[in-house]
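To keep things clear, I will list the structure first and then write my remarks on it.
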2 protein chains.
Amino acid sequence: MNASCNLIKHLKENNFSCTETRKLLFHVIDEHIQHHFDADELFQLIVADDLPISRASMYRTLSIFETIGIIRKVQFTDRHAHYEYICHRNLHGHTICTKCKQVVSFHNQTIDKLIKELAEEQGLSYFSHTLEIIGMCRKCLSER
Amino acid sequence: MNASCNLIKHLKENNFSCTETRKLLFHVIDEHIQHHFDADELFQLIVADDLPISRASMYRTLSIFETIGIIRKVQFTDRHAHYEYICHRNLHGHTICTKCKQVVSFHNQTIDKLIKELAEEQGLSYFSHTLEIIGMCRKCLSER
DNA sequence: TTACTTGCAAAACGTTTGCAAGTGC
DNA sequence: GCACTTGCAAACGTTTTGCAAGTAA
């Protein structure tokens, strides 16, 4: 289990009780999820592991995990929600080319630090962020 | 109308015809939208202005506007899509509270500048960006 | 003991689609 | 004239909810 992410502590701090369902679901996420996932992928894992968790409970639990900051929603291009397991704290941004749609990840500590400072300035207790930069990559630029 | 955003040109370049519905909808967005909006807000504007545009057409048109780069989807924490009117080039970030879901916009020139520099460093000809900071707001933090 | 949590099935939600009529070029 | 676009209503897939039974503290 990811040491930085103490489920029980997070639940207690937010007055949620620590149930079997929540522990099981957290375990599935912590064990299988690298970056992001959607609800149905997660439910397939639940089915594969034959866990006693219904779709309804999964959704209710995801909502709680989001509230206590264990996961967060991210937007891709399809209709349903995707989630990111925050505990990995994999801070990174993306550049996206408007033409070829290529997505490139990057890390930049200066910006990460500034963003954290800005969060506090705005009165927000920082959990995570996403940064997406839209533009045109060199290749597409030269092909115009 | 925003001079930087020529609807007819955008449509033609992408082989979409220039219909009354598309012109009307663009006008509504260009006139009323400051930052971001969701489909229902937009439909309320359509109803208020008594425009002959159905929900179905609005969704179909939004999808086209997204394709031709007039708007883009942004993710907040709720289920439905939010859009951002790109033409305003209104660079700003959002803070989002994990608990109460409140979204607050902010401007920060230092970060905007850094992000532009970073884009060039990454080989991207900068067009725009989105920055979303996730955390818990003071109010929710104090209510825990 | 008492409030919270669960599974089930049904409902709700935002969005998409098939179709026939209408419009742009 | 012909392909594209529209409104309508029905369908879609995801997520939420009411309820009765079960569980945590």
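Proteins come first, then strands; the chains are lettered A, B, ... in the order of their sequence lines, and each starts at number 1. Reckoned from all heavy atoms, side chains included, excluding hydrogens, waters and symmetry mates.
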Over how many whole Å does the gap from [X] atom [atom1] to [N] atom [atom2] extend?
| X | N | atom1 | atom2 | value |
| --- | --- | --- | --- | --- |
| Phe65(B) | dT15(C) | CZ | C1' | 18 Å |
| Asn14(B) | dC4(D) | CG | C1' | 16 Å |
| Arg22(A) | dG7(C) | CZ | P | 11 Å |
| Phe43(B) | dC13(C) | CZ | C1' | 16 Å |
| Leu62(B) | dG14(C) | CG | P | 15 Å |
| Lys23(A) | dT6(C) | NZ | P | 12 Å |
| Ile53(B) | dG7(D) | CD1 | P | 7 Å |
| Gln44(B) | dG14(C) | CD | P | 11 Å |

Salt bridge flag under 4.0 Å for residues Asp40(B) and Arg55(B): yes
Electrostatic pair Asp38(B)-Lys73(B), nearest N-O below 4.0 angstrom: no
Side chain to side chain, [X] and [Y], heavy atoms closer than 4.5 Å:
| X | Y | value |
| --- | --- | --- |
| Gln44(B) | Ile46(B) | no |
| Leu51(A) | Phe43(A) | no |
| Leu42(A) | Leu62(A) | yes |

Contact state string [nucleotides 15-25 of chain D, B base, S sugar-phosphate only, - no protein heavy atom under 4.0 Å]: BBBB-----SS
Under the salt bridge (Lys or Arg N to Asp or Glu O under 4.0 Å) test, residues paired with Glu120(A) that sit two or more places apart: none
By salt bridge (Lys or Arg N to Asp or Glu O under 4.0 Å) - contacts of Glu121(A) (at least two apart): none
Degree of bending in the helix from dT1(C)-dA25(D) to dC25(C)-dG1(D) once both end axes are built from five pairs, to 10°: 50°
For Leu114(B), side chain to side chain contact (heavy atoms under 4.5 Å, CB included) partners two or more places apart: Thr110(A), Ile111(A), Leu114(A), Glu117(B)
By side chain to side chain contact (heavy atoms under 4.5 Å, CB included) - contacts of Ser63(A) (at least two apart): none
